[in-house]
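For reference, the structure is listed below as structure tokens.
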Amino acid sequence: MAGHVLGIDCATEACSVALYEGAELVSGTYEVIGRGHAERLVPMIAELPGRGHANRILVSLGPGSFTGVRIGLAVGRALGLAWGAEVRGYPTLALVAGQAIAEREGPVTVCMNGGHGEWFVQNFDACGVAEDEVRSLPPEAAREARRHRRIAGSRATDLAAIGGDDCEALNVLPDARSLGSLAEAHLTADLGPIYGRPPDAILPGERR
């Protein structure tokens with residue numbers, strides 16, 4: 001990361017922002033708020049040094065809360081346009097994997113809360129690079145999809161409980177203050193949301 005970088009993550013019940021100078025964290029805020037990301041995100045950015053002004057913006061693409069993903073992307077795009085900043089997206093689960101690997105090296109399976117009783121599951125190697133696609137699965141299928149004994153994410157304990165005695169759980173939510181641990185390979189100029197499953201509601205004329 002070069003220059004001033006603003007990180008935004010509000011794809012889950014957590015809402016976080018961070019300002020970096022190069023790869024060094026300058027300031028950041030992390031709150032678990034459940035709902036209300038639309039009301040909280042912009043004030044959190046404004047509270048950063050220089051009101052968060054940056055020449056590069058990194059924002060979560062999901063999967064997670066449909067509303068949270070859309071809010072983060074809308075704010076990231078708007079600030080990018082206003083500041084003439086480069087905007088890049090990253091997958092939510094990749095950041096969680098990076099956080100787990102920064103705590104202790106080694107491959108990890110990330111398991112996050114999905115919807116309708118399902119969990120988002122994805123496996124990552126020891127460098128934090130995805131080994132497969134993110135999937136939304138019921139618990140038993142998630143157990144079969146797990147490749148690694150270490151599990152991180154909001155559903156880590158739940159998956160570990162059905163995964164066997166060798167499992168190790170790290171309950172963690174994505175935190176923009178940890179973007180330095182994100183594998184660079186996951187950054188993308190494609191700012192299309194990653195939903196992980198079809199939306200619950202669709203507009204007339206749209207297909208799932």
Using the rule given for side-chain contact (heavy atoms from CB on, under 4.5 Å), can you reason through Leu48 versus Leu6, listing the C-alpha separation, both sets of side-chain angles and the distance that settles it, and then say yes or no? CA-CA 10 Å; Leu48 292 170; Leu6 172 66; 3.6 Å; yes

Out of curiosity, does [Y] fall in the hydrophobic cluster containing [X] (side-chain heavy atoms, cut-off under 4.5 Å, transitive links)?
X: Leu73; Y: Met44; answer: yes
X: Val121; Y: Val172; answer: no
X: Leu81; Y: Leu58; answer: no

Please round to the nearest 0.5 Å and tell me the distance separating atom [atom1] of [X] and atom [atom2] of [Y].
X: Ile71; Y: Cys10; atom1: CD1; atom2: SG; answer: 6.0 Å
X: Ser60; Y: Leu182; atom1: OG; atom2: CG; answer: 10.0 Å
X: Arg135; Y: Trp119; atom1: CZ; atom2: CH2; answer: 14.0 Å
X: Asp9; Y: Asp175; atom1: CG; atom2: CG; answer: 8.0 Å
X: Arg40; Y: Thr29; atom1: CZ; atom2: OG1; answer: 7.0 Å
X: Thr109; Y: Ile151; atom1: OG1; atom2: CD1; answer: 6.5 Å

Do [X] side-chain atoms and [Y] backbone N/O form a donor-acceptor pair below 3.5 Å?
X: Asn55; Y: His4; value: yes
X: Asn113; Y: Ser154; value: no
X: Asn123; Y: Ala145; value: yes
X: Tyr195; Y: Gly64; value: no
X: His37; Y: Thr12; value: yes
X: Arg77; Y: Leu191; value: yes

Side chains of [X] and [Y]: closer than 4.5 Å at any heavy-atom pair?
X: Leu170; Y: Val108; answer: no
X: Pro63; Y: Val69; answer: no
X: Leu93; Y: Ile194; answer: no
X: Arg149; Y: Cys167; answer: no
X: Met112; Y: Leu173; answer: yes
X: Leu79; Y: Ile45; answer: yes
X: Arg88; Y: Arg56; answer: yes
X: Pro91; Y: Val134; answer: no

Pair listing, ring-ring contact (aromatic ring centres under 6.0 Å, His included) test, anchored in residues 89-114, at least two apart: none

For residues 158-180, which residue pairs qualify under ring-ring contact (aromatic ring centres under 6.0 Å, His included), counting only residues two or more places apart or in two chains?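 For residues 158-180: none.
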
At their closest point, which heavy atom of [X] faces which heavy atom of [Y], and how far apart are they?
X: Gln99; Y: Ser181; answer: N-OG, 3.5 Å
X: Cys15; Y: Ile33; answer: CB-CD1, 3.9 Å
X: Ile57; Y: Gly80; answer: CD1-N, 3.5 Å
X: Tyr30; Y: Ser16; answer: CD1-CB, 3.8 Å
X: Pro49; Y: Ser27; answer: CD-CB, 3.6 Å
X: Gly76; Y: Val87; answer: O-CG2, 3.7 Å

Is it true that atom CD of Glu133 has more than 12 heavy atoms of other residues, nucleotides or ligands lying nearer than 6.0 Å?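 Count not over threshold, so no.
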
Does atom CZ of Arg147 have more than 12 heavy-atom neighbours from other groups under 6.0 Å away? yes

Phe124 and His186 aromatic ring geometry - parallel, tilted or perpendicular at 30°/60° bounds: perpendicular

Could you go through residues 157-166 and list every donor-acceptor pair under 3.5 Å that involves a side-chain atom there, pairing it with any protein atom two or more places apart or in another chain?
from   : atom 1 : to     : atom 2 : distance (Å)
Thr157 : OG1    : Asn171 : OD1    : 3.2
Thr157 : OG1    : Asn171 : ND2    : 2.5
Asp158 : OD2    : Arg155 : NH1    : 3.0

Salt-bridge contact Glu103-Arg150 (side-chain N to carboxylate O under 4.0 Å): no

Check the pair Thr188 / Leu61 against side-chain contact (heavy atoms from CB on, under 4.5 Å), numbers first and verdict last. CA-CA 10 Å; Thr188 176; Leu61 301 174; 3.7 Å; yes

